[in-house]
Amino acid sequence: MTDRKLTTEAKEYLEKSAQERMEYCKQDFWIGYSAAMTLIDLLEDKFSDPPQMRHEGLLIYGDYNNGKTAILRKFYDIHKTTLDKVNENGDIVYEIPIIYFQAPSKPNESDLYSFILVELCVPHKTTEKVLEKARLAEHYLGKLNTRMILIDEIHSAFTGNLTQQRTFINDLKRLSNRLSLTIVLAGTREAHSALSIGNETDSRFPSIELPRWSNGKKYRSFVATYETCLPLKEASNMAKNPEIINTLYYQSEGLIGKTVNLLKKASVKAIKSGREKIIIDDIEYLPTL
């Protein structure tokens with residue numbers, strides 16, 4: 001077995017069965033690459049903002065399958081609810097400082113408030129009137145000291161006519177204003193275009209693009225770091241193999257989500273084959289029939 005640099009958990013998995021190692025390779029691993037950490041730091045700054053009359057939100061936009069969801073989920077995991085906070089009287093205080101959900105498939109006020117209530121674990125009727133749902137949402141967001149709302153796939157909500165879209169955006173702004181909380185949106189370029197129409201990207205939701213990777217040093221560094229998470233018994237040294245890196249980059253189209261999916265599939269093939277290292281023939285989405 002070749003001595004190689006692996007994460008502690010990956011090293012432990014080297015002693016497990018092939019099936020267990022393949023299942024492990026299919027898991028998601030958080031890799032703190034430069035752009036992701038910059039966004040995490042930006043979200044942290046916004047999360048720690050003191051109460052104010054008008055919180056500035058954020059729109060993170062870019063291509064499909066390029067890491068936006070992973071970044072939002074990572075930040076959510078950092079700050080999600082715990083039950084270990086104790087107040088000055090020694091009582092356990094239940095708070096939900098941050099919530100995360102995917103946007104409704106249309107700019108529907110009722111759906112928006114239902115999604116919020118579900119994340120806050122508030123019982124309600126989905127058929128309840130919008131005004132009552134809005135009242136419940138505002139009440140419990142305040143009661144549970146929610147400071148940030150993360151809404152993923154926001155482009156899904158920017159369909160339908162412009163009046164519906166504006167109403168939906170205004171609902172988000174009203175929640176932010178009334179409760180002094182920060183709203184972070186993530187979506188595609190369509191979301192950026194929709195928000196730009198009303199100059200929202202300049203005022204309430206300044207935007208930052210998560211670009212595709214270029215085939216350079218940062219991409220190789222990401223692949224090298226990802227390899228340390230894979231419990232293969234031999235070193236693949238993918239980042240040092242131009243043929244593998246170029247194939248990986250070409251097939252992934254520079255998208256981090258596609259890159260990760262290719263690496264998951266390749267690692268499973270490497271274990272199944274008994275080679276225990278990734279070769280160029282393993283870099284493919286689907287087999288040739």
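When a residue number appears, it is its place in the shown sequence, counting from 1.
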Straight-line distance of [X] [atom1] to [Y] [atom2], nearest 0.5 Å:
X      : Y      : atom1 : atom2 : result
Leu179 : Leu141 : CG    : CG    : 5.5 Å
Arg189 : Ser193 : CZ    : OG    : 9.0 Å
Lys143 : Leu136 : NZ    : CG    : 12.5 Å
Ile116 : Leu112 : CD1   : CG    : 4.5 Å
Asn66  : Leu255 : CG    : CG    : 5.0 Å

Using residues 54-63 as the side-chain source, report each donor-acceptor pair under 3.5 Å to any protein atom, sequence neighbours left out, with the distance given to one decimal.
{"residue": "His55", "atom": "ND1", "partner": "Thr182", "partner atom": "OG1", "Å": "3.4"}
{"residue": "His55", "atom": "NE2", "partner": "Ser180", "partner atom": "O", "Å": "3.1"}
{"residue": "His55", "atom": "NE2", "partner": "Ser180", "partner atom": "OG", "Å": "3.0"}
{"residue": "Glu56", "atom": "OE1", "partner": "Lys46", "partner atom": "NZ", "Å": "3.3"}
{"residue": "Asp63", "atom": "OD2", "partner": "Arg212", "partner atom": "NE", "Å": "2.7"}

Does [X] reach the side chain of [Y], with side-chain heavy atoms less than 4.5 Å apart?
X      : Y      : result
Leu172 : Ile151 : yes
Thr69  : Tyr100 : yes
Leu175 : Tyr113 : yes
Leu230 : Ile278 : yes

Taking the basic N atoms (NZ, or NE/NH1/NH2) and the acidic carboxylate oxygens, is any pair closer than 4.0 Å for [X] and [Y]?
X      : Y      : value
Glu109 : Lys133 : no
Arg275 : Asp282 : yes
Lys74  : Asp77  : no
Lys264 : Asp28  : yes

remark   = From the list Gln19, Arg21, Lys26, side chain to side chain donor-acceptor pair (under 3.5 Å) with Glu23 holds only for Gln19
Is the side chain of [X] donor-acceptor paired with the backbone N or O of [Y] at a distance under 3.5 Å, no angle test?
X      : Y      : result
Glu119 : Phe101 : no
Glu132 : Lys129 : no
Thr146 : Met148 : no
Tyr249 : Trp213 : yes
Ser221 : Lys217 : no
Glu227 : Met238 : yes
Asn237 : Lys240 : no

Enumerate, atom names and distances included, each donor-acceptor pair closer than 3.5 Å involving a side-chain atom of residues 157-169, sequence neighbours excluded.
{"residue": "Asn161", "atom": "OD1", "partner": "Thr163", "partner atom": "N", "Å": "3.1"}
{"residue": "Asn161", "atom": "OD1", "partner": "Gln164", "partner atom": "N", "Å": "2.7"}
{"residue": "Gln164", "atom": "OE1", "partner": "Asn161", "partner atom": "N", "Å": "3.3"}
{"residue": "Gln165", "atom": "NE2", "partner": "Gly160", "partner atom": "O", "Å": "3.3"}
{"residue": "Arg166", "atom": "NH2", "partner": "Glu200", "partner atom": "OE2", "Å": "2.6"}
{"residue": "Thr167", "atom": "OG1", "partner": "Thr163", "partner atom": "O", "Å": "3.0"}

Looking only at the side chains, is there a donor atom on one of [X] and [Y] sitting less than 3.5 Å from an acceptor on the other?
X      : Y      : answer
Glu153 : His155 : yes
Thr259 : Tyr226 : no
Thr7   : Glu9   : no

task = Please report the C-alpha distance between Phe29 and Tyr24 in whole Å, then the side-chain angles of each, then the deciding distance to 0.1 Å, and finally whether the ring-ring contact (aromatic ring centres under 6.0 Å, His included) criterion is met.
result = CA-CA 10 Å; Phe29 305 109; Tyr24 182 77; 5.2 Å; yes
task = Could you check Phe115 against Gln102 for side chain to side chain contact (heavy atoms under 4.5 Å, CB included), going step by step and ending with a plain yes or no?
result = CA-CA 8 Å; Phe115 285 15; Gln102 292 196 345; 5.9 Å; no
